[in-house]
Amino acid sequence: MKMVTRQISSWHLLVALCSALVCRAAVQESAQCTRSNGGKFTLISRRNDTGHWIAEVRVDHSADDARGPWEIDVEHSSIFCGDSETISVQAMITAPPKRVTEGYELFPAVGYYKFHTEGLTWREAVKACSREGAHLAIINSETESSVLQSLFARHPKLNNVSDQNHAFLGYHDLHKEGTFLTVFGNALNTTGFLRWSDSTQPNNAKSGPDPDSDCGGIHRNGGLNDLPCNWKVSFFCEQPL
């Protein structure tokens, strides 16, 4: 009897692929690499006494975790080529989302958001969101842009900020001018939303000690704009559904 076992922890999405009884796992963790200790995944592929291949999956998680069901899908197949046999096992586990941090508001089918009205630099804002288990918001649709506009509109007057009409988001062109990336390293033009605040943006405007505007923001009208990274402005944090 041959047996392969893999144990992997993750809160969001885990895919394990076994080919010829050699397992590889791809793990997508939560924003800013925050690790949770709440779950353990075990996959076993074995041949029983009658010669049939059997895939077994077990998920262990915290006893007090009542956030929702864990969904498991498993496919197990054999391919015969002459005298050789290749076993393929594909398992996908979808874990319920983690408990949202206090102060975040749910917008159904969009996500959890928190508008920080205190002004921070872009890098400070990145760290502030991370401490809350979130990330600087990334807009993926007009619907999501409208959500941020509505949160922004609740605060027509902000105190101690460099600019009243902009807030930081999770994108930048710090590495190469004009090549905008999200905080996850993905091209901004792949996010599903690329509407700038007006026809002059992005303009890489220079302001004060900043040589360039290399950090991403949003205007009150819901459009994007590049901002000086050392400005202290409000910002949006996002926790995905």
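Heavy atoms only: backbone and side chains are in, while hydrogens, waters and symmetry mates are out.
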Task: Spacing of Ser145 atom OG and Arg195 atom CZ [to the nearest 0.5 Å] - done: 4.5 Å
Task: Min side-chain heavy-atom separation Trp231-Cys215 under 4.5 Å - done: no
Task: His219 backbone acceptor or donor facing Asn225 side chain under 3.5 Å - done: no
Open item on the list: Taking side-chain hydrogen bond (donor to acceptor under 3.5 Å, both in side chains) as the definition, give me every residue that meets it alongside Asn186, ordered by chain and number, with sequence neighbours left out.
Closed with: none
Task: Working for side-chain contact (heavy atoms from CB on, under 4.5 Å), residues Lys232 and Leu120 - done: CA-CA 4 Å; Lys232 289 197 172 185; Leu120 295 180; 5.7 Å; no
Open item on the list: Please verify the inter-ring angle class for Phe115 with Phe152; under 30° counts as parallel, over 60° as perpendicular, anything in between as tilted.
Closed with: tilted
TODO: Find out whether Leu174 and Cys229 are in side-chain contact, i.e. whether some heavy atom of one side chain is under 4.5 Å from a heavy atom of the other.
DONE: yes
- [ ] Verify the distance criterion only: is there a donor paired with an acceptor across the side chains of Thr121 and Glu124 at less than 3.5 Å?
- [x] yes
Open item on the list: How close do Leu106 and Pro108 get, counting heavy atoms only, and between which atoms?
Closed with: O-CD, 3.7 Å
Task: Validation row: Leu136, Trp122 side chains within 4.5 angstrom (heavy atoms) - done: yes
- [ ] Show the numbers, then the answer: is there a side-chain contact (heavy atoms from CB on, under 4.5 Å) between Cys237 and Tyr104?
- [x] CA-CA 9 Å; Cys237 294; Tyr104 281 75; 3.1 Å; yes
Task: Shared hydrophobic cluster, Phe236 / Phe107 (ILVMFWY, side-chain heavy atoms < 4.5 Å) - done: yes
Open item on the list: Is it true that, when you exclude Asp198 itself, more than 12 heavy atoms of the residues, nucleotides or ligands shown sit nearer than 6.0 Å to its CG?
Closed with: yes
Task: Common cluster, Leu194/Val183, ILVMFWY with side-chain heavy-atom separation under 4.5 Å - done: no
Open item on the list: Tell me if the centroids of the rings in Phe168 and His116 come within less than 6.0 Å of each other.
Closed with: no
Task: For the student: nearest non-hydrogen atoms of Asp226 and Trp196, plus distance - done: N-CZ3, 4.1 Å
- [ ] Can you see which heavy atom on Gln239 is nearest to which on Glu132, and at what distance?
- [x] NE2-O, 2.7 Å
Task: Sidechain-backbone polar pair: Ser146 side chain, Glu142 backbone, donor-acceptor under 3.5 Å - done: yes
- [ ] Among Ile, Leu, Val, Met, Phe, Trp and Tyr joined by side-chain contacts under 4.5 Å, find the other residues sharing a cluster with Leu181 and list them by chain and number.
- [x] none
- [ ] Determine the minimum heavy-atom distance between Thr182 and His172, stating which atoms define it.
- [x] O-NE2, 4.0 Å
Open item on the list: Within the structure provided, determine whether Val161 and His166 are in side-chain contact (heavy-atom separation under 4.5 Å).
Closed with: no
Open item on the list: Could you check whether any side-chain heavy atom of Leu148 comes within less than 4.5 Å of a side-chain heavy atom of Leu169, counting everything from C-beta outward?
Closed with: yes
- [ ] Say whether Val147 and Tyr112 are linked into one hydrophobic cluster, either directly or through other cluster members, by side-chain heavy-atom distances under 4.5 angstrom.
- [x] no
TODO: Report yes or no: do Leu227 and Leu188 belong to one cluster of Ile/Leu/Val/Met/Phe/Trp/Tyr joined by side chain heavy-atom distances under 4.5 Å?
DONE: no
Open item on the list: Side chains of Ile138 and Phe193, heavy atoms from C-beta outward: is any pair under 4.5 Å?
Closed with: no
TODO: Mark yes or no for whether Tyr171, through its side chain, and Leu224, through its backbone, hold a donor-acceptor pair below 3.5 Å.
DONE: no
Task: Side-chain ion pair, Glu238 and Lys114, N-O less than 4.0 Å - done: no
Open item on the list: Ignoring hydrogens and geometry beyond distance, is a side-chain donor-acceptor pair present between Glu118 and Ser234 at under 3.5 Å?
Closed with: no
Task: No-hydrogen, no-angle side-chain donor-acceptor test under 3.5 Å, Tyr113 and Glu144 - done: yes
- [ ] Find the distance between CD1 (Ile139) and CD (Gln149) and round it off to the nearest 0.5 Å.
- [x] 8.5 Å
Open item on the list: Show, in sequence, the C-alpha distance, side-chain angles and deciding distance for Arg220 and Asn165, and conclude whether the side-chain contact (heavy atoms from CB on, under 4.5 Å) test is met.
Closed with: CA-CA 6 Å; Arg220 285 186 182 271; Asn165 295 314; 3.4 Å; yes
Open item on the list: For the CD1 atom of Ile218 and the OG atom of Ser197, what is their distance to the nearest 0.5 Å?
Closed with: 9.5 Å
